[in-house]
Amino acid sequence: MPPPINSILRQPPPPLPLMSSLTTRHVAVIGAGAAGLIAARELRREGHHVVVFERGKQVGGTWVYTPESESDPLGVDPKRRVVHSSLYDSLRTNLPRECMGVRDYPFERREGKDRDPRRFPGHREVLMYLQDFAADFGIGEVVRLQTEVVIAGLVEEGKWRVRSRPSNYNRMRSDDCDCVDEIYDAVVVCSGHYVQPRIADNIPGITAWRGKQMHSHNYRTPEPFQDQVIVLIGGAASAVDISRDIATVAKEVHIVDRSLNKNAIGKLPGHDNMWLHSMIDSVHQDGRVVFKDGDTVGAEIIVHCTGYKYDFPFLETNGEVSVDDNRVGPLYKHIFPPALAPWLSFVGLPWKVVPFPMFELQTKWIAGALSNRLALPSKEEMTQDTKAFYSSLEASGTPKRYTHNMANYQWDYDNWIADQCGIPGIEEWRVEMYKFASKNKRLRPESYRDEWDDDELVLEAQRDFSKYLN
């Protein structure tokens with residue numbers, strides 16, 4: 001796991017420049033999911049002119065559920081990757097709604113048709129929250145729906161050329177018809193990282209296996225798995241949810257989780273048709289899947305719940321930013337490339353975090369840096385800090401692909417950015433509620449979304465919300 005943030009990160013923020021030095025920029029935001037919507041609000045609050053590019057038909061990004069899935073079940077062919085969302089129909093949040101919302105726009109229960117009042121609501125309620133956010137802050141007027149960014153690249157004088165086209169273009173055409181080129185002062189990348197699947201393709205025999213394989217990106221409902229034997233690879237949140245969903249109809253579900261304690265291997269308590277296994281040793285053309293714990297099953301489908309790759313095919317930075325073993329870098333504090341700051345920035349790369357409040361803090365910092373209200377360190381200082389962070393990961397034995405895993409220090413990170421912006425940090429009730437939800441999930445894996453014992457924290461959150469709600 002990642003080590004604590006290095007000492008450079010704990011330095012006090014620089015003094016704020018005088019308000020008279022503020023500058024308005026023309027900013028392109030790529031993506032109108034949660035990160036893009038929050039970025040648009042913060043950039044406009046700072047006085048910038050904003051255009052948000054969204055290839056989908058509505059705002060919401062990954063929270064827009066699409067019943068259809070890719071024609072390529074594994075989702076590895078970019079020419080056939082036309083479905084952005086990775087949501088499954090039964091998905092509910094694994095965080096309480098009080099914890100999830102933006103600070104001054106709480107994720108409160110709302111009355112109305114199709115609203116979900118549950119504390120851990122379904123995905124449609126999260127989308128409605130984001131739609132409410134966009135409507136209440138007038139963000140829709142700057143969003144270009146069904147518009148795909150083809151190129152966001154550096155041009156002379158440090159500007160950015162953004163080439164876009166209708167997202168329903170004919171992918172078989174090689175010409176640039178219908179493309180529009182525009183020049184911007186800055187680009188904020190908010191395109192998400194739950195689109196391009198990572199596949200467990202290093203298992204002996206898996207490429208020649210004759211059974212069906214799919215990635216969780218393309219999972220929607222359990223009905224296609226009726227009475228079948230399933231092997232599911234993965235141990236994170238989606239793997240837990242999907243395995244239980246499939247188990248309602250499947251004959252057998254065998255879960256492969258490399259992080260399992262050997263004492264946990266075997267039949268899953270409380271379930272008649274679910275088993276936990278160590279890693280797969282090999283798969284065979286006759287359908288056999290052999291596990292390293294010695295068990296063998298005859299499987300019909302392998303489901304890869306193995307995460308996603310960061311991918312920015314539109315970005316042209318002359319080599320200043322690259323993706324190496326799922327590390328996007330070099331990036332200062334997971335946001336700014338030192339050589340291109342603040343004109344290029346990324347929002348929402350860290351994972352194992354409470355995302356929306358982090359997006360808010362990241363985008364406040366970006367907006368202030370672009371207007372000259374907040375000063376960034378020099379290119380050399382940012383480079384030094386970033387190298388020190390990467391060295392600390394290597395020294396601790398943290399794989400490069402876990403660079404953006406912030407499970408152990410998200411609150412320190414959030415509060416440090418808040419210090420840079422001169423604003424209050426994360427509320428203590430939110431931190432404690434997150435800790436309680438994580439503990440409750442371990443204690444009540446089947447029912448944590450409907451049973452809890454932190455009502456005092458809920459009341460504290462409600463008192464805090466009263467400052468923002470009319």
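In what follows, residues are counted from 1 in the order of the sequence shown.
- Within a 6.0 Å sphere centred on NZ of K267, other residues, nucleotides and ligands contribute more than 12 heavy atoms.
- A salt bridge does not link K439 with D453: every distance from a Lys NZ or Arg NE/NH1/NH2 to an Asp or Glu carboxylate oxygen is 4.0 Å or more.
- Salt bridge absent: D450 and R119 never bring a charged side-chain N and a carboxylate O closer than 4.0 Å.
- Salt-bridge check for K467 with D464: passed, with a basic side-chain N closer than 4.0 Å to an acidic carboxylate O.
- Salt bridge K262/D257: absent, no basic N to carboxylate O contact under 4.0 Å.
- Taking CG from D293 and CD1 from I265, the interatomic distance works out to 5.0 Å, rounded to the nearest 0.5 Å.
- For the pair F359/L37, no side-chain contact is recorded, criterion being any heavy-atom separation below 4.5 Å from C-beta on.
- Inter-residue side-chain proximity for V347 and T363 is flagged as met; some heavy-atom pair is nearer than 4.5 Å.
- Listed for the E432 side chain is no donor-acceptor partner under 3.5 Å among the backbone atoms of L457.
- The side-chain heavy atoms of H49 and R44, taken from C-beta on, include no pair separated by under 4.5 Å.
- Within 6.0 Å of the NZ atom in K441, the count of heavy atoms belonging to other residues, nucleotides or ligands exceeds 12.
- For the residue pair R55 and S167, no side-chain donor N or O sits within less than 3.5 Å of a side-chain acceptor on the partner.
- Aromatic ring centres of F336 and F346 lie farther apart than the 6.0 Å criterion allows.
- For R444, the CZ atom sits in a packed shell: over 12 heavy atoms of surrounding residues, nucleotides or ligands are nearer than 6.0 Å.
- Every residue meeting the side-chain hydrogen bond (donor to acceptor under 3.5 Å, both in side chains) condition with E46, not counting sequence neighbours, appears here in chain and number order: S371, R373.
- D116 places a side-chain N or O within 3.5 Å of a backbone atom of G122 that can act as its donor or acceptor partner.
- Less than 6.0 angstrom separates the ring centroid of Y434 from the ring centroid of W411.
- Between the side chains of D324 and S322, no donor-acceptor pair of N or O atoms lies under 3.5 Å.
- The CH2 atom of W452 sits 15.5 Å away from atom CG of L443, with the distance rounded to the nearest 0.5 Å.
- Applying the ring pair (Phe, Tyr, Trp, His ring centres under 6.0 Å) test between Y194 and each of W351, Y310, Y308 identifies Y308 as the sole match.
- Contact check for R220 versus Y65: side-chain heavy atoms found under the 4.5 Å cut-off.
- If you check the side chains of N326 and Y402, you find no donor sitting under 3.5 Å from an acceptor.
- Of the N and O atoms on the side chains of S391 and E394, not one donor lies less than 3.5 Å from an acceptor on the other residue.
- Between R124 and D89 there is a salt bridge, since at least one side-chain N of the basic residue sits less than 4.0 Å from a carboxylate O of the acidic one.
- Contact record, N415 with G425: OD1-CA, 3.2 Å, taken as the closest heavy-atom pair.
- No hydrogens or angles considered: nothing links the side chains of Q146 and E54 as a donor-acceptor pair under 3.5 Å.
- Proximity of M279 to F291: side-chain heavy atoms (C-beta onward) are nowhere separated by under 4.5 Å.
- You'll find the ring centres of F389 and H334 inside the 6.0 Å limit.
- Taking a cutoff of 4.0 Å between a charged side-chain nitrogen and a carboxylate oxygen, D136 and R41 do not qualify as a salt bridge.
- For the residue pair D245/Y88, the side-chain donor-acceptor check at 3.5 Å is not satisfied.
- Using modelled atom types and a 3.5 Å distance limit, the side chains of H254 and H277 yield a donor-acceptor pair.
- D185 contributes no side-chain N or O that, together with a main-chain N or O of W343, makes up a donor-acceptor pair within less than 3.5 Å.
- A heavy-atom distance below 4.5 Å is not found between the side chains of Y105 and Y468.
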Atom pairs and distances, donor-acceptor, side-chain atoms in residues 222-240, under 3.5 Å, two or more places apart:
unit_1: E223; atom_1: OE1; unit_2: T221; atom_2: OG1; d: 3.1
unit_1: Q228; atom_1: NE2; unit_2: P224; atom_2: O; d: 2.8

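- The one candidate from R115, R110, R92, R109 that meets the side chain to side chain donor-acceptor pair (under 3.5 Å) condition with E125 is R115.
- More than 12 heavy atoms of other residues, nucleotides or ligands shown are found within 6.0 angstrom of CG on N261.
- In this structure, P121 and T93 have side chains that are in contact, with non-hydrogen atoms separated by less than 4.5 Å.
- Within 6.0 Å of CD on E446 lie more than 12 heavy atoms contributed by other residues, nucleotides or ligands.
- To the nearest 0.5 Å, the span separating CG on N408 from OG1 on T398 amounts to 9.0 Å.
- Atom CD1 of I366 is separated from atom CD1 of I417 by 8.5 Å, given to the nearest 0.5 angstrom.
- Using modelled atom types and a 3.5 Å distance limit, the side chains of H26 and H48 yield no donor-acceptor pair.
- Side-chain contact annotation: Y332 with Q384, donor-acceptor N/O pair under 3.5 Å absent.
- Remark: E456 CD is loosely packed, at most 12 non-hydrogen atoms of other residues, nucleotides or ligands lying under 6.0 Å away.
- Taking 4.5 Å as the limit, every side-chain heavy atom of Y413 sits out of range of all side-chain heavy atoms of V353.
- Although no hydrogens or angles enter the test, the distance criterion places no donor-acceptor pair under 3.5 Å between the side chain of H217 and the main chain of P197.
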